[in-house]
Amino acid sequence: FAQETERRRREAEELARLAKSLTETLDMAAGGNRIVMSGRELVGVKVATLRLLQPDGLLRAVASSGDSFSQSPAGEVVSSGTGLTSRAITEKRPIWSADMLNDPEIYLTDQMRDYQLRSGNRSMLAMPLRAHEKIIGALALSDRTGRIYSAREMALVQTFADQAALALENARLLEETESRAQEQGALNIIANAISQSLDRDELLKIALDKVLEVTRRERVSIRLKDPTNGQVTLAAHRGFSQDEIKNLLQRTQHQPTQQVLASGQPLVVDNRQELHNTQSLLPLSFSVAWIPIKAGARVVGVLGISAGRPVPFSQREVEFLQAIGNVIGVAIENARLFGQTKRNLEQIRVLHEVGTALTSTLNLHDLLAVFLEKIDHVLPYSASSVRLLNPESGLLEPIACRNLDENEWKAEQWRGGRGLPSVVFGNKAPLMVRTLQSDPRLRDPQFFRKHELVSYLGVPLIVRDEILGVLSFYTK
């Protein structure tokens with residue numbers, strides 16, 4: 001009786017010591033490591049693994065203690081209905097087995113069977129973690145094959161598991177509270193940036209820095225869709241190596257980005273090992289989320305967040321990232337509207353200058369030189385030219401050009417034009433060609449290839465229903 005009393009006293013003191021140790025930190029990771037190390041010491045097992053229950057029913061490993069071979073890596077998942085831990089969660093009670101490999105009541109995956117054979121730790125005790133009448137996970141203790149757990153040991157582990165569950169729940173609540181405060185702060189900073197700056201690049205920089213800070217992940221990028229031509233480009237990025245950036249820039253088509261742009265819904269990959277096709281992922285990206293950036297109902301881009309570890313995205317985190325995406329979308333739209341207004345005002349100013357210049361001289365060459373110079377300041381074109389109809393020859397003759405080799409452009413053999421201006425003149429209507437080299441109406445393609453001219457816009461010069469010539473623009 002005296003020995004039993006002394007044993008109970010030592011166990012109570014040990015539980016009190018462990019409970020004090022668990023309450024000394026509210027950090028989830030640190031608390032998880034203390035739980036598995038203390039669990040191993042409590043009943044003298046070789047391996048202890050802590051898993052938390054996810055909303056989708058999976059059990060994810062958050063901490064493990066034991067030899068390196070036996071430890072479960074952080075983020076590793078156990079599906080519902082497989083293994084002893086999952087069964088303990090389902091039945092809401094402690095379960096143990098002296099030899100899991102030969103226990104007919106336990107379903108093991110091939111990976112689990114392989115581990116049991118190689119490790120020899122085939123005895124396991126799985127203890128559900130219950131906090132406030134809710135099961136939040138399980139503590140699994142593994143030892144040599146054949147070990148039997150007494151009722152006293154199970155009661156001891158149960159008491160410890162209850163303490164651990166409360167410590168984990170307190171840490172989770174604190175972490176969630178801090179995360180929400182950080183999230184709201186990040187949203188406030190981004191929203192504040194919108195009201196203070198209309199520079200798109202500055203807004204994107206603030207957004208990316210805060211996303212990295214709040215999500216505690218490693219890499220983030222923003223791809224934007226051009227509203228005029230639909231082209232998607234990498235607009236900003238953080239945390240990537242030079243080789244990764246080169247890889248991203250070379251991707252003209254990115255399937256996840258296209259999917260999010262089309263659906264307007266987030267796309268999440270929690271573990272690349274669960275994918276059959278990983279071509280869309282960078283080699284060091286294990287967990288990735290692609291979030292739509294919206295301006296109202298319109299998707300204008302995609303926010304990509306990734307980590308080099310299989311750290312899953314919670315539903316709350318995805319919703320927060322969607323909120324950030326919406327804020328960024330509003331910022332981009334405001335910047336676009338501001339830029340458009342600024343350009344419109346600049347164009348009005350230039351038109352006024354052109355009008356003033358046109359009334360200052362009657363010299364045709366000087367007039368057209370000023371005209372093309374003013375247009376060059378506000379329109380993003382690489383080259384421009386003017387051809388006017390010669391009534392005597394009936395040809396559209398070269399009169400003035402800008403950013404072209406004038407002698408080559410006015411070559412005698414091409415005095416009548418290189419095809420496309422004649423189409424504009426004949427139709428008395430604007431003509432736009434996206435790819436010059438593939439247009440059969442083009443003459444002298446070598447000239448355009450030499451000067452790296454890719455696209456064309458031609459507009460007729462008309463006065464009182466009479467067409468005088470053609471104004472042409474070329475882009476590289």
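All values derive from a computational prediction rather than experimental measurement.
Two residues are said to be in side-chain contact when any heavy atoms from C-beta on lie closer than 4.5 Å; Leu321 and Ile305 meet this criterion. With a 4.5 Å cut-off on side-chain heavy atoms, Asp226 and Val232 do not count as touching. Under the 4.5 Å side-chain criterion, counting only non-hydrogen atoms from C-beta, Phe447 is not in contact with Trp414. Residues Ile462 and Leu468 have side chains not in contact (no heavy-atom distance under 4.5 Å, counting atoms from C-beta outward).
A salt bridge links Lys210 with Glu213: the closest approach of a Lys/Arg side-chain nitrogen to an acidic carboxylate oxygen falls below 4.0 angstrom. In this structure, Glu408 pairs ionically with Lys450, as a charged nitrogen and a carboxylate oxygen lie closer than 4.0 Å. Contact check on Arg343 versus Glu346 returns no salt bridge, with no Lys/Arg side-chain nitrogen under 4.0 Å from an Asp/Glu carboxylate oxygen. Salt bridge annotation for Arg298-Glu333: present, with a cationic side-chain nitrogen under 4.0 angstrom from a carboxylate oxygen. In this structure, Lys205 does not pair ionically with Asp201, as no charged nitrogen and carboxylate oxygen lie closer than 4.0 Å.
Between atom CZ of residue Arg441 and atom CG of residue Leu436 there is a gap of 10.5 Å, rounded to the nearest 0.5 Å. The CG atom of Leu395 lies 8.5 Å from the CG atom of Leu389; values are rounded to the nearest 0.5 Å. The distance from atom CD1 of Ile245 to atom CZ of Phe240, rounded to the nearest 0.5 Å, is 8.0 Å. From Ile291, atom CD1 reaches atom CD1 of Ile324 across 9.5 Å, with rounding to the nearest 0.5 Å. Taken to the nearest 0.5 Å, the CD1 atom of Ile399 stands 4.5 Å off from the CG atom of Leu388. Distance check, rounded to the nearest 0.5 Å: CE of Met112 to CG of Leu84 gives 9.5 Å.
Of the possible donor and acceptor atoms, none in the side chain of Lys428 sits under 3.5 Å from a partner among the backbone N and O of Pro460. Formation of a donor-acceptor pair under 3.5 Å by the Ser221 side chain with backbone atoms of His237 is not found in this model. No donor-acceptor pair closer than 3.5 Å links the side chain of Asp376 to the backbone N or O of Leu372. Between the Ser86 side chain and the Gly83 main chain, no donor and acceptor come within less than 3.5 Å of each other.
Taking the centre of each ring, Phe448 and Tyr474 come in below the 6.0 Å mark.
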